[in-house]
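Quick notes on the structure that follows.
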Amino acid sequence: MTYEFWGVRGTSPTPHADKMRYGGHTHCASLRLGPGEYLVVDAGTGLIDLGERLMAEAARDSTLPIRIHLLLTHFHIDHILGLPYFRPLFSPRAMIAVHAPCDPAETERHLAGLMSGRYFPVPFDKTPADKTFHRLEPGLAIGGARIGSCPLVHPQGCVAYRLEFEGRALVSATDTEHPESGLDARLAGLASGADWLIYDAMYTPEEYAAEKRGWGHSTWAAGADLASAAGVRTLVLTHFSPGHSDDLVDTLLAAARESFPRTLAARQGLDLTQG
């Protein structure tokens, strides 16, 4: 199981020197299903670099497919901004299946809006990739991976995904707000016994308490509580604030490890199977 991060920031890209160690792209991650075939969670600006890899692989072997199964958590701009610059979108060899928790026509309309009018020179429907759109359904299976989901607390909605592949389980909850007290029972159930819980660490506990309640994001502390209750093997913090430097992320990681020792901080290029 190869699950790699291509972007780990929230809200906006951060091309700043003090944020390059963890990376400045917004959220995107991929599960490699086989040669030329990837399951991708979100289309933040990290998707651009993934596209470069896919096209380089295709150039080395003309028999390889370019097959992308894109799971969208929601349509906020930081989670879809990479799509217009995703090179496979412009390749007739590519097959892109988009899954989202809404009507397929609505999904297509939202994504097309990024490339409409004066926003982009090529309309979405004119790109040559073979594109299909699907409503997220319970019991979904793609390329040997089983996919579960549950709703999250976030403005305009969001979903968490559970990916089970080659005997391992991963849960990605990138944008969620923890309850005032207790745990999000639905998310805890989805994450139960997972090898990895990837969790929204947008704010410090102090930031959240001071002014961020109701903004739809969470903290490393809430993530540690959830990981412990759900019996998760490893907690992975992600969706870092664009205002948080690498040094501050280091500090948050150290604090999280005091509560839940098996904690990692996501960074661009991290493959979870390699630690």
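Values in this document were obtained by computation on a predicted structure and should not be read as measured data.
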Closest heavy-atom pair, Ala129 versus Ile96, reported as atoms and distance to 0.1 Å, is CB-CD1, 4.0 Å
When you measure from the side chain of Thr26 to the backbone N and O of Gly44, does any donor-acceptor pair fall under 3.5 Å? no
So salt bridge (charged side-chain N to carboxylate O under 4.0 Å, His left out) across residues 11-38, not counting sequence neighbours, yields Arg21-Asp247, Arg21-Asp250, Glu37-Arg67
Here the pair of heavy atoms bringing Ala230 nearest to Ala188 is CB-O, 3.7 Å
Smallest heavy-atom separation, Ala266 atom then Val8 atom, equals CB-CG1, 3.6 Å
Between the CG atom in Leu114 and the CZ atom in Phe124, the distance rounded to the nearest 0.5 Å is 8.5 Å
For this session: Please check if Leu252 and Tyr208 belong to a single hydrophobic cluster, counting links between Ile, Leu, Val, Met, Phe, Trp and Tyr side chain heavy atoms closer than 4.5 Å.
Result: no
Just checking, is any N or O donor in the side chain of His239 or Thr174 under 3.5 Å from an acceptor N or O on the other one? no
Polar side-chain atom of Thr14 near backbone of His16 as donor-acceptor pair, under 3.5 Å
no
Would you tell me whether Thr234 and Arg262 have side-chain atoms, one donor and one acceptor, within less than 3.5 Å of each other? yes
Which of Val236, Val41, Ile198, Val232 passes side-chain contact (heavy atoms from CB on, under 4.5 Å) with Leu170? It is Ile198
Note: Ala265 and Phe240 closest approach over all heavy atoms is CB-CZ, 4.0 Å
Is the side chain of Arg93 donor-acceptor paired with the backbone N or O of Leu64 at a distance under 3.5 Å, no angle test? yes
Treat each ILVMFWY residue as a node, draw an edge where side-chain heavy atoms are under 4.5 Å apart, and state whether Leu190 and Trp196 are in one component.
yes
Do Leu272 and Leu264 have side-chain heavy atoms sitting under 4.5 Å apart?
yes
In terms of side-chain heavy atoms, does Thr73 have a donor or acceptor partner in Asp42 at a distance below 3.5 Å? yes
Any donor-acceptor pair under 3.5 Å from Glu177 side chain to Arg213 backbone: no
When every non-hydrogen atom of Thr219 is compared with those of Tyr199, the smallest separation belongs to O-CE2, 3.5 Å
Just do the side-chain contact (heavy atoms from CB on, under 4.5 Å) check on His99 and Leu140 with the steps written out, would you? CA-CA 10 Å; His99 299 262; Leu140 179 63; 3.9 Å; yes
Would you confirm whether Glu166, through its side chain, and Met1, through its main-chain N or O, come within 3.5 Å as a donor-acceptor pair?
yes
Separation between CZ (Phe120) and NZ (Lys126), nearest 0.5 Å, reads 15.5 Å
Exercise. Shared ILVMFWY cluster between Leu136 and Leu39, side chains joined below 4.5 angstrom?
Worked result: yes
Assess, by modelled atom type and distance only, whether the side chains of Asp175 and His79 contain a donor and an acceptor separated by less than 3.5 Å. yes
Apart from Met95 itself, members of its ILVMFWY cluster (side-chain separation under 4.5 Å) are none
Students should find that the hydrophobic cluster of Tyr119, defined by side-chain heavy atoms under 4.5 Å apart, otherwise consists of none
When rounded to the nearest 0.5 Å, the distance separating CG of Leu235 from CZ of Arg257 is 10.0 Å
Practice item. Would you check if Thr251 and Thr204 make a side-chain contact, meaning some heavy-atom pair closer than 4.5 Å? Key: no
Value for CG (Asp200) from CG (Leu152), rounded to nearest 0.5 Å, stands at 9.0 Å
- Task: Check whether any side-chain heavy atom of Glu57 lies under 4.5 Å from a side-chain heavy atom of Tyr38, and answer yes or no.
- Result: yes
Q. Taking the six-membered ring where the residue is Trp, are the ring centres of His244 and Tyr22 under 6.0 Å apart?
A. no
inquiry  = What I want to find out is whether Asp195 reaches Arg162 closely enough, with some N-O distance under 4.0 Å, to be called a salt bridge.
reply    = no
Does any part of the side chain of Pro104, heavy atoms only, come nearer than 4.5 Å to the side chain of His134, both counted from C-beta? no
From the list Arg9, His25, His27, side chain to side chain donor-acceptor pair (under 3.5 Å) partner of Thr45 resolves to His25
Rounding to 0.5 Å, atoms OG1 (Thr132) and CD (Glu108) come to a distance of 10.0 Å
Item to check | Glu4 side chain reached by Cys28 side chain, heavy atoms, under 4.5 Å | outcome: no
- Sub-3.5 Å donor-acceptor pair from the side chain of Arg168 to the main-chain atoms of Thr273, do we have one? no
ILVMFWY cluster, Trp220 and Phe5 together (side-chain gap under 4.5 Å)
yes
Should the pair His76 and His154 be assigned to parallel (<30°), tilted (30 to 60°) or perpendicular (>60°) ring geometry?
-> tilted
Hydrophobic cluster membership, Leu70 vs Leu163, 4.5 Å side-chain cutoff: no
When rounded to the nearest 0.5 Å, the distance separating OG1 of Thr263 from CG of Leu237 is 6.0 Å
Heavy-atom nearest pair, Glu164 first then Ala169, reads CG-CB, 4.0 Å
Review point. Is the backbone N or O of Asp225 less than 3.5 Å from a side-chain atom of Ser228, with the two atoms forming a donor-acceptor pair by type?
Key: no
_Can you tell me how the ring of His217 sits relative to the ring of Tyr203, calling it parallel under 30°, perpendicular over 60° and tilted otherwise?_
perpendicular
Would you confirm whether Ser116, through its side chain, and Gly113, through its main-chain N or O, come within 3.5 Å as a donor-acceptor pair? yes
Point to revise | Contact check, side chains of Phe86 and Ile68, non-hydrogen atoms, under 4.5 Å | key: yes
Is there a donor in the side chain of His74 and an acceptor in the side chain of Gln156, or the other way round, less than 3.5 Å apart? no
